[in-house]
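Report on the following structure.
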2 protein chains.
Amino acid sequence: MVIEPEPEQRTFTEIARRQQIVGAAIDTIAEVGYAQASLARIAERIGISKGVISYHFTGKDDLIKQVVVDVVEAGRNYILPRVSAEITGPSTLRAYIVSNLAFMRDHRNYMVAVVEILRSGAFKTDGGRRLDGREVDVATRLLQEQLARFQAGGEFRDDFDPSALAVAIRAAIDVVPHRLVLDPDFDIDRYAGEIANVFDRATRREDTP
Amino acid sequence: MVIEPEPEQRTFTEIARRQQIVGAAIDTIAEVGYAQASLARIAERIGISKGVISYHFTGKDDLIKQVVVDVVEAGRNYILPRVSAEITGPSTLRAYIVSNLAFMRDHRNYMVAVVEILRSGAFKTDGGRRLDGREVDVATRLLQEQLARFQAGGEFRDDFDPSALAVAIRAAIDVVPHRLVLDPDFDIDRYAGEIANVFDRATRREDTP
DNA sequence: AGAGTAGCTGGCCGGTCGGTCAGAACATCG
DNA sequence: CGATGTTCTGACCGACCGGCCAGCTACTCT
């Protein structure tokens, strides 16, 4: 386990540059896809030499990891309080779906970039091995556990499989960046409402209409 | 529009070679991902020089197109009769979901490869331009039309958006190849049943339990 | 002024890619 | 045995990749 350098050791300039580069990486990946997002292209976008990226990051892996970390943190900061504010199972589930998609609506490039990265299999751990299995899919696992908890508490019907439902809900959410690429006029808010209804009907007990 | 050469002009050897190469491409893409599936690697799998691929196909684009065409045709041949055999809206929807996933279960590499290709944006038309918009998503559009038809016919509830539901259903289906990569023990049949229930509950009229 | 440091440039390296090509290998027929 | 057409090999090409580094610039400190 390598210890990260103290944040205090980072120059003001360096912090700004790193953020600028991460932003350029996000926009470039979102625009041309991960496969075509070379260091040269990312550097070109902000008018710097690609050597600068090597100077501020240990390599492309390091840059990509920072992109994912930044986006995931921003997403969690947005979604978590909105979900936690709800109390009942159905309202929590709806808040989860709606806030996930609202974040995507307001940060399209963020999500497109991260989805591009994750599906390209380019995201690696510190050790260099590729993330796989349950590691990548923390979001699906957490959702599954939440569903199971509410189900055990009697707030949801008891004849669905939380695992399968979690996969389907995440799939319905994660497909949106791709859908945005296919159809720039895709109405996220409308979709969010419809999907929330779908999974609400699928989980709601018959005696709680 | 370029006319394909007559099939009769293809040697017996050539037909066999082309199929062998397409098969090797499918397995290679499914195994190492599209980005790492170079012509050299595909050729190596069947112990030939990569020049052979250039000899039988005009280029990598041509080979990839053939892969997609072959798999889509196989999938349609499997799914279409099973869906057409059903009569009511709910049973048709269930047959659609179950047969889609059954085909994936029996042809994992086929589906993994095609999903890899489509999401990598490498699939091109004859004209060379990338497929986008509604072109790629024929499957989603057809499903949407089918849903709308049954909805108009009163077999489904009338307060859901066929467009949004079609996107969600296709997402729940198309995520499976990726899920298989994450978890080799993923139970497709169980998932198929659960998802069919989810979307059945989301579309079924209250007065038809 | 001189020394030191952070930040950056631009060219170079080894490697992989898709694609090309001269010619070998092979089967078939006169 | 040639002659001919098909199939294949292996070397090679130019392009692009991530990474590397000598050296330039600009700023700070003594």
Side-chain angles (χ1 to χ4, degrees), chain A residues 5-25 28-29 31-68 116-117 120-124 128 130, chain B residues 5-25 28-29 31-68 116-117 120-124 128 130:
Chain A
E6 300 291 323
E8 297 83 7
Q9 294 180 355
R10 291 231 167 96
T11 314
F12 200 75
T13 309
E14 174 159 22
I15 294 174
R17 258 293 191 241
R18 282 176 63 95
Q19 283 195 340
Q20 186 190 25
I21 292 171
V22 168
T28 304
I29 294 170
E31 200 169 283
V32 302
Y34 179 78
Q36 273 70 43
S38 65
L39 294 185
R41 222 185 290 257
I42 294 170
E44 187 190 23
R45 173 179 290 265
I46 45 182
I48 60 173
S49 163
K50 69 172 179 165
V52 183
I53 299 178
S54 295
Y55 179 76
H56 289 286
F57 297 87
T58 64
K60 196 181 186 185
D61 289 351
D62 187 30
L63 170 60
I64 297 307
K65 196 179 84 178
Q66 198 60 47
V67 168
V68 174
E116 270 287 317
I117 291 169
S120 78
F123 191 49
K124 313 200 180 151
R130 282 173 57 164
Chain B
E6 301 291 322
E8 297 84 6
Q9 294 182 354
R10 292 231 168 96
T11 313
F12 198 76
T13 310
E14 174 157 22
I15 294 174
R17 259 292 192 243
R18 283 175 63 95
Q19 282 195 341
Q20 187 189 26
I21 292 171
V22 167
T28 304
I29 294 171
E31 201 170 283
V32 303
Y34 181 80
Q36 273 70 43
S38 63
L39 293 183
R41 222 184 289 258
I42 294 170
E44 186 189 22
R45 174 178 290 266
I46 46 181
I48 60 173
S49 163
K50 69 173 180 164
V52 183
I53 298 179
S54 295
Y55 178 77
H56 289 285
F57 297 88
T58 65
K60 196 180 186 185
D61 289 352
D62 187 30
L63 170 59
I64 296 307
K65 196 180 84 178
Q66 198 59 48
V67 168
V68 174
E116 271 286 316
I117 291 169
S120 78
F123 191 50
K124 312 197 182 156
R130 283 174 55 166

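Per chain, numbering begins at 1; letters A, B, ... match sequence-line order. Note that this is a predicted model, so its numbers are computed, not measured.
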Non-hydrogen side-chain atoms of A:E31 and A:Q36 separated by less than 4.5 Å: no
Atom-to-atom span, CD of B:Q36 to P of D:dG18 - whole angstrom: 13 Å
Rounded distance in Å - CD1 (A:I42) to C1' (D:dG19): 14 Å
Flag side-chain contact, heavy atom, 4.5 Å: B:F57 against B:R18: yes
Whole-Å distance separating the CD1 atom of B:I21 from the C1' atom of C:dG19: 15 Å
Nearest-0.5 Å distance that lies between atom CD1 in A:I42 and atom NZ in A:K60: 6.0 Å
A:I29 vs A:I64 side-chain heavy atoms within contact, under 4.5 Å: yes
Spatial distance of atom CG (A:L63) from atom CG (A:L39) [nearest 0.5 Å]: 7.0 Å
Per-nucleotide protein contact string for nucleotides 5-10 of chain D (B base, S sugar-phosphate only, - none; heavy atom under 4.0 Å): -SBSBB
Nucleotide D:dC17, atom P - distance to NZ of A:K60 in whole Å: 9 Å
Extract from the structure each pairing of a protein N or O with an N or O of nucleotides 14-16 of chain D at less than 3.5 Å, listing the distance.
none

Spacing of CD1 belonging to A:I53 relative to CZ belonging to A:R17, to within rounding of 0.5 Å: 10.0 Å
Distance in angstrom units between B:L39 CG and D:dC12 P, rounded: 20 Å
N-O pairing of B:K50 and B:E44 below 4.0 Å: no
Atom pair distance, as rounded to whole Å: CZ in A:R18 and P in C:dG7: 12 Å
Main-chain N/O of B:T28 paired with B:R41 side-chain donor or acceptor, under 3.5 Å: no
Pairwise distance NE2(A:H56) to CD1(A:I15) - rounded to 0.5 angstrom: 11.5 Å
Whole angstrom value for the distance that separates C1' of C:dG19 from CG of B:L63: 14 Å
Interatomic distance, A:F57 CZ vs D:dC20 C1' [rounded to whole Å]: 18 Å
